[in-house]
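None of these values were measured; they are calculated from a predicted model. All chains are named by letter (A, B, ...) in the order of the sequence lines, taking the proteins before the strands, and each is independently numbered beginning at 1.
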Amino acid sequence: MSRLPRSFFARDAVTVARALIGARLFVRGPDGHPTGGIITECEAYRQDDTASHSHRGLTARNAAMFGPPGHAYVYFIYGMHFCLNVVTGAPGVGEAVLLRALRPTHGLAVMRARRGNRVADASLCDGPGKLCQALGIDRALNGIDLCARAAPLRVHAALDGLHHTATPRIGISGDAVARSALWRFVATDPAPRYDGAR
DNA sequence: ATGGGGATCGTCT
DNA sequence: GACGATCCCCATC
């Protein structure tokens, strides 16, 4: 039940991303329905990282990335999807961790209803856009403080013993350093289906 | 199992 | 005016 403190997020994005594997994300949706799951895949985006939205400096869209750690950065992409990040590091730096996949544990029926009843349970949250759709996350949550008392978004401490691997990040553009950096973290235990390509 | 294309629009050049 | 930290469907192998 231990909510992660702001100090957890006030470290570099790679360290936070690695530590978030196995952590539990809980969301109270706009309709009031609670959902949640175990974080099984995430990616770090850093200062001076040509793949990061923060790379070209502060804009209206990425402002939350330059705010205090422990806040959400939610952005709209491809005209139809949302992606959820947690801001890390220090205010003004511009680092975040993109949450890419969960193993659903709470509110499965609500997730199915939001995602379409055809989708398999294993596919409810196995992608950054799917995760937001299943959890009811949209731009209304951009900038909110995950450490605030009554936050609709909360992250709790990681379960022990969940192993992970590091790989290059998915779908990015940027220089050779950005493309080769092993800043995507994927849980490998005990669910092999989450460890591979998609 | 793998690959290509369409949907759809906010953001930045 | 181009393109994106994506997803889904359909075609083909």
Grab the [atom1]-[atom2] distance between [X] and [N] for me, whole Å please.
X	N	atom1	atom2	value
Arg100(A)	dC7(C)	CZ	C1'	12 Å
His55(A)	dT11(B)	NE2	C1'	17 Å
Tyr73(A)	dG10(B)	OH	C1'	11 Å
Ile137(A)	dA5(C)	CD1	P	18 Å
Arg179(A)	dG4(C)	CZ	C1'	16 Å
Leu98(A)	dT6(C)	CG	C1'	11 Å
Leu58(A)	dT11(B)	CG	P	14 Å
Arg184(A)	dA5(C)	CZ	P	16 Å

> Are side-chain heavy atoms of Cys42(A) and Arg100(A) found at a separation under 4.5 Å?
Replying inline: no
> Does any non-hydrogen side-chain atom of Leu124(A) lie less than 4.5 Å from one of Leu131(A)?
Replying inline: no
>> Applying the Watson-Crick and G-U wobble criteria at under 3.5 Å, what pairs with dT8(B)? Answer none if nothing qualifies.
In response: none
> Using purine N1 to pyrimidine N3 plus N6-O4 or O6-N4 for Watson-Crick, or N1-O2 and O6-N3 for G-U wobble, each under 3.5 Å, what pairs with dA5(C)?
Replying inline: none
>> Quick check for you: among dT13(B), dG10(B), dT6(C), whose closest atom lies nearest to any side-chain atom of Arg139(A)?
In response: dG10(B)
> Nearest to the side chain of Met65(A), which nucleotide is it out of dC8(C), dA5(C), dT13(B)?
Replying inline: dA5(C)
>> Heavy atoms only, 4.0 Å cut-off, all strands: where does Arg61(A) land among base, sugar-phosphate and nothing?
In response: sugar-phosphate
>> For Arg169(A) versus Glu43(A), what's the shortest heavy-atom pair and its separation?
In response: CA-OE2, 3.4 Å
> Relative to each other, are the rings of Phe185(A) and His164(A) parallel, tilted or perpendicular (30° and 60° limits)?
Replying inline: perpendicular
Below 3.5 Å between N/O atoms, which protein atoms pair up with nucleotides 5-9 of chain B? Just atom names and distances, please.
{"residue": "dT8(B)", "atom": "O2", "partner": "Tyr78(A)", "partner atom": "O", "Å": "2.4"}

>> Let me spell it out: for each of Arg115(A) and Ile172(A), pick the nucleotide of DNA chain C with the closest heavy atom. Which residue's pick is nearer the 5' end?
In response: Ile172(A)
> Looking only at side-chain N and O atoms, does Arg118(A) come under 4.0 Å of OP1 or OP2 in dC7(C)?
Replying inline: no
> Given the side-chain rings of His53(A) and Tyr75(A), with only the six-membered ring counted for Trp, is the space between their centroids under 6.0 Å?
Replying inline: yes
> Looking at His106(A), Arg114(A), Arg28(A), which one forms a side-chain contact (heavy atoms from CB on, under 4.5 Å) with Thr35(A)?
Replying inline: Arg114(A)
>> Quick one, Arg184(A) with Thr167(A), criterion side-chain hydrogen bond (donor to acceptor under 3.5 Å, both in side chains). Give me CA distance, side-chain angles, the key distance, then yes/no.
In response: CA-CA 5 Å; Arg184(A) 171 176 176 252; Thr167(A) 80; 3.0 Å; yes
